[in-house]
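Please read these numbers as outputs of a predicted model, since none were measured by experiment.
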Amino acid sequence: TPAGLRVEANGCPIEVSERETELLDTGTIRLQNIHFDVNKATIKAQSFELLNQVAFVIKNNPRIKGIRVEGHTDSKGRPAYNKKLSQSRADSVLRYLVGQGVNAGVLEAVGYGDTMPIEDNKTKSGQDANRRVEFVITKQE
């Protein structure tokens, strides 16, 4: 895994640090630092800069023709509630990116709730890791 995501666009490097994102071998960008209001899909202002960088990367990579915005939660709460919350959050991120000029036609939003944990939900650090947004490149030229 590279140390963060780095893309050159018109001679301007955009870097998202390793602690904020992880570019996986599968074409997935995992963001741990997208923050929402508790039990809501409202994106907190502290996340705007990172999402602006993601929007810039997507807009300046015309080879990317499809991205799935995935919302994930920890296992606290009922599974049906977690799925609905994660869908609402993925929808919010998608709307934010479109508001930043990303072509809506390349984006789709899916909420997975707590069905795809990456860490053990029995620990606080595991729960923190499982609350995330992922961008999966589904189609590129």
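Cluster annotation: I118 and V93 are assigned to distinct hydrophobic clusters (Ile/Leu/Val/Met/Phe/Trp/Tyr, side-chain heavy-atom contacts under 4.5 Å, transitive). L50 and L107 end up in the same hydrophobic cluster when Ile, Leu, Val, Met, Phe, Trp and Tyr side chains are linked at under 4.5 Å. Under a hydrophobic-cluster definition in which Ile, Leu, Val, Met, Phe, Trp and Tyr are linked whenever side-chain heavy atoms come within less than 4.5 Å, directly or via other members, V110 and F36 are assigned to different clusters.
Note: S92 OG to I34 CD1 = 11.5 Å, rounded to the nearest 0.5 Å. Atom-to-atom distance recorded for M116:CE and E70:CD is 5.5 Å, nearest 0.5 angstrom. In this structure, NE2 on H35 lies 4.5 Å from CD on Q46, to the nearest 0.5 angstrom. For the atom pair OH (Y112) and CZ (R132), the distance works out to 10.5 Å, reported to the nearest 0.5 Å.
Residues T138 and I67 are not in side-chain contact: their nearest non-hydrogen atoms beyond the backbone lie 4.5 Å or more apart. Side-chain atoms of R68 and E108, non-hydrogen and from C-beta on, do get closer than 4.5 Å to each other. Residues N61 and I64 are in side-chain contact: their nearest non-hydrogen atoms beyond the backbone lie under 4.5 Å apart. Within the 4.5 Å cutoff, side-chain heavy atoms of N60 are placed close to those of F56. Within the 4.5 Å cutoff, side-chain heavy atoms of D91 are placed close to those of Q87. Under the 4.5 Å side-chain criterion, counting only non-hydrogen atoms from C-beta, S86 is not in contact with R89.
Judged purely by atom type and a 3.5 angstrom limit, D120 uses its side chain to pair as donor or acceptor with the backbone of K122. Put simply, the side chain of E119 never gets that close to the backbone of N130: no donor and acceptor are under 3.5 Å apart. Of the possible polar contacts, one joining the N82 side chain to the K76 backbone as a donor-acceptor pair under 3.5 Å is found. Between the side chain of S47 and the main chain of I43, no donor-acceptor pair closer than 3.5 Å is present. Formation of a donor-acceptor pair under 3.5 Å by the R63 side chain with backbone atoms of E141 is found in this model.
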Apply side-chain contact (heavy atoms from CB on, under 4.5 Å) to F135 and V54, showing your working.
CA-CA 9 Å; F135 298 88; V54 170; 4.1 Å; yes
Working for side-chain contact (heavy atoms from CB on, under 4.5 Å), residues Q100 and N52:
CA-CA 7 Å; Q100 296 303 307; N52 291 345; 3.4 Å; yes
Under the criterion side-chain contact (heavy atoms from CB on, under 4.5 Å), I'd like the reasoning laid out for V69 against Y96: C-alpha separation, chi angles, the key distance, then a yes or no.
CA-CA 11 Å; V69 179; Y96 185 88; over 6 Å; no
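With Y81 as the partner, the side chain to side chain contact (heavy atoms under 4.5 Å, CB included) test is satisfied by one option alone out of K84, R78, K83: R78. When each of T73, D74, D114 is paired with R131, the side chain to side chain donor-acceptor pair (under 3.5 Å) condition holds for D74 and for no other.
Taking a 6.0 Å sphere around NZ of K40, one finds it holds 12 or fewer heavy atoms contributed by other residues, nucleotides or ligands. Atom CD of E49 has 12 or fewer neighbouring heavy atoms from other residues, nucleotides or ligands inside a 6.0 Å radius.
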